[in-house]
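Shown next, in structure tokens, is the structure this report addresses.
Quick note on labels: first sequence line is chain A, next is B, and so on, each numbered from 1. These figures come from a predicted structure and were not determined experimentally.
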Protein chains: 2
Amino acid sequence: MKIGELAKRSGLSAHTIRYYERIGLLPYADRDRSSRRDYDASILTWIEFLGRLKATGMPIREMLRYAALREKGSGTEAQRRELLDQHRTRVRAHVAELQACLLVLDAKIAGYADAEKRMTQYDTTLPERRRKPAGARQARAR
Amino acid sequence: MKIGELAKRSGLSAHTIRYYERIGLLPYADRDRSSRRDYDASILTWIEFLGRLKATGMPIREMLRYAALREKGSGTEAQRRELLDQHRTRVRAHVAELQACLLVLDAKIAGYADAEKRMTQYDTTLPERRRKPAGARQARAR
DNA sequence: CTACGGGTTCGAGCGCACTCTAAGTCAAGG
DNA sequence: CCTTGACTTAGAGTGCGCTCGAACCCGTAG
């Protein structure tokens with residue numbers, strides 16, 4: 001598989017794939033006789049996993065540490081597990097934080113929704129928004 | 001409250017506070033007669049809310065849109081609600097993605113934990129890690 | 001009076017993660 | 001043979017969100 005094909009399949013750009021190889025996130029790819037990268041489908045699994053790490057906010061620096069351990073092969077499993085374990089802890093904390101923020105967001109949005117409802121009912125500030133009082137209660141529901 | 005005090009209370013640096021004012025994320029602060037910023041405690045509420053937006057990944061560009069609507073005052077509630085509502089949707093999606101990634105991470109970690117356990121039991125690669133076979137099953141539990 | 005510990009402005013610099021450009025190589029199709 | 005288009009490299013540029021430095025100002029304590 002050439003780099004263009006891999007780009008399509010992985011969702012990364014060819015530029016990014018070369019960049020990842022340059023910094024050591026992807027292993028140095030075999031080249032054909034005209035020095036073009038030729039990939040094995042198995043690289044996709046690795047790219048996909050890198051994507052998960054990235055999606056969960058792992059900085060490239062740390063992915064590099066993981067990639068290096070992986071390259072090094074057996075004997076590094078405990079360190080790899082440790083690294084992922086620590087990352088998981090951070091991700092869990094992050095999810096918890098997001099959920100807390102969502103509650104705040106919910107409250108804020110509910111506040112605005114209330115304000116809107118009141119406006120529609122009593123017509124305090126936006127005359128052009130007036131509706132028949134009877135139907136106003138349901139207005140703008142989403 | 002002077003900028004240093006606000007920095008301490010808000011967790012932002014004085015540099016960042018000035019930067020936020022410069023770009024319009026914080027309202028232009030009143031100055032004392034020697035042109036130093038003098039803050040009202042109420043700014044903390046706003047900074048805290050900005051922190052939530054930031055924590056949930058809202059780019060500054062969009063916080064600026066929200067801040068501008070807020071400055072503009074009443075009549076912008078519907079737009080503010082809309083903005084926050086869209087953001088909430090994105091955050092929820094992001095949380096879902098993180099949770100999916102966590103499952104992958106869990107599986108990967110479990111895989112490594114298994115490998116370690118097997119190593120400890122059969123002593124294949126790391127002799128210095130050997131333990132009495134009888135107790136090895138429970139080793140390294142977390 | 002002077003030193004110090006804040007503060008001020010403006011603009012430059014940084015770290016991250018790409019993203020793109022320029023100039024060149026190569027293989028296949030018309 | 002010539003064009004096309006996908007590839008190669010090294011290195012420069014981008015966008016984001018700060019972060020810092022330089023030079024200066026000001027009020028108070030010793």
Closest approach to the side chain of [X], judged atom by atom: which nucleotide of [options] is it?
X     : options                : result
A:I60 : C:dC16, D:dC16, C:dA17 : C:dA17
A:R22 : D:dG11, D:dC18, D:dT9  : D:dG11
B:K2  : D:dC7, C:dG7, C:dT9    : C:dG7
B:T16 : C:dT8, D:dT8, D:dT19   : D:dT19
A:R61 : C:dC16, D:dC7, C:dT9   : C:dC16
B:H15 : C:dG7, D:dC20, C:dT8   : D:dC20
A:S34 : C:dT8, C:dA27, D:dC7   : C:dA27

Side-chain N or O of [X] closer than 4.0 Å to phosphate OP1/OP2 of [N]:
X     : N      : value
B:K54 : D:dG17 : no
A:Y20 : C:dA17 : no
B:R33 : C:dG7  : no
A:R36 : C:dT25 : no

In whole Å, what is the span from the [atom1] atom of [X] to the [atom2] atom of [N]?
X     : N      : atom1 : atom2 : value
B:D38 : D:dG27 : CG    : C1'   : 14 Å
B:E21 : D:dG17 : CD    : P     : 19 Å
A:I3  : C:dT19 : CD1   : C1'   : 14 Å
A:K8  : D:dC7  : NZ    : P     : 8 Å
A:R31 : D:dT8  : CZ    : C1'   : 9 Å
B:I23 : D:dT19 : CD1   : C1'   : 14 Å
B:I17 : D:dG17 : CD1   : P     : 18 Å
B:D32 : C:dT8  : CG    : C1'   : 11 Å

- Is a side-chain donor-acceptor pair under 3.5 Å present for A:S42 with A:T45?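 No - no donor-acceptor pair under 3.5 Å links their side chains.
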- Task: Could you tell me whether A:D30 and A:R37 have a side-chain N and a carboxylate O separated by less than 4.0 Å?
- Result: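 No.
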- Query: Is any side-chain heavy atom of A:D106 closer than 4.5 Å to a side-chain heavy atom of B:R88?
  - Reply: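 A:D106 vs B:R88: side chains touch.
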- Item | Sub-4.5 Å side-chain heavy-atom contact between A:V91 and B:C101 |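 No, side chains not in contact.
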- Message: With nearest nucleotide decided by heavy atoms, which residue, A:S35 or A:Y19, maps closer to the 5′ end of DNA chain C?
- Response: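 Result: A:Y19.
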- Under the 3.5 angstrom rule, does the side chain of A:T76 hit a backbone N or O of A:Q79 as a donor-acceptor pair?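 Pair absent, no side-chain N/O of A:T76 close to backbone of A:Q79.
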- Message: Over all strands shown, is A:R18 touching base, sugar-phosphate only, or nothing at heavy-atom distances under 4.0 angstrom?
- Response: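 If one applies the 4.0 Å heavy-atom cut-off, A:R18 turns out to touch a base.
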- If you draw the axis of the six-membered ring of B:F49, does the NZ or CZ of A:K108 fall within 45° of it and under 6.0 Å from the ring centre?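 Pair A:K108/B:F49 counts as cation-pi.
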- Message: Closest-nucleotide mapping onto DNA chain D: is A:E5 or B:P59 further toward the 5' terminus? I mean the 5' end.
- Response: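 Taking each residue's closest nucleotide, the earlier one in sequence belongs to A:E5.
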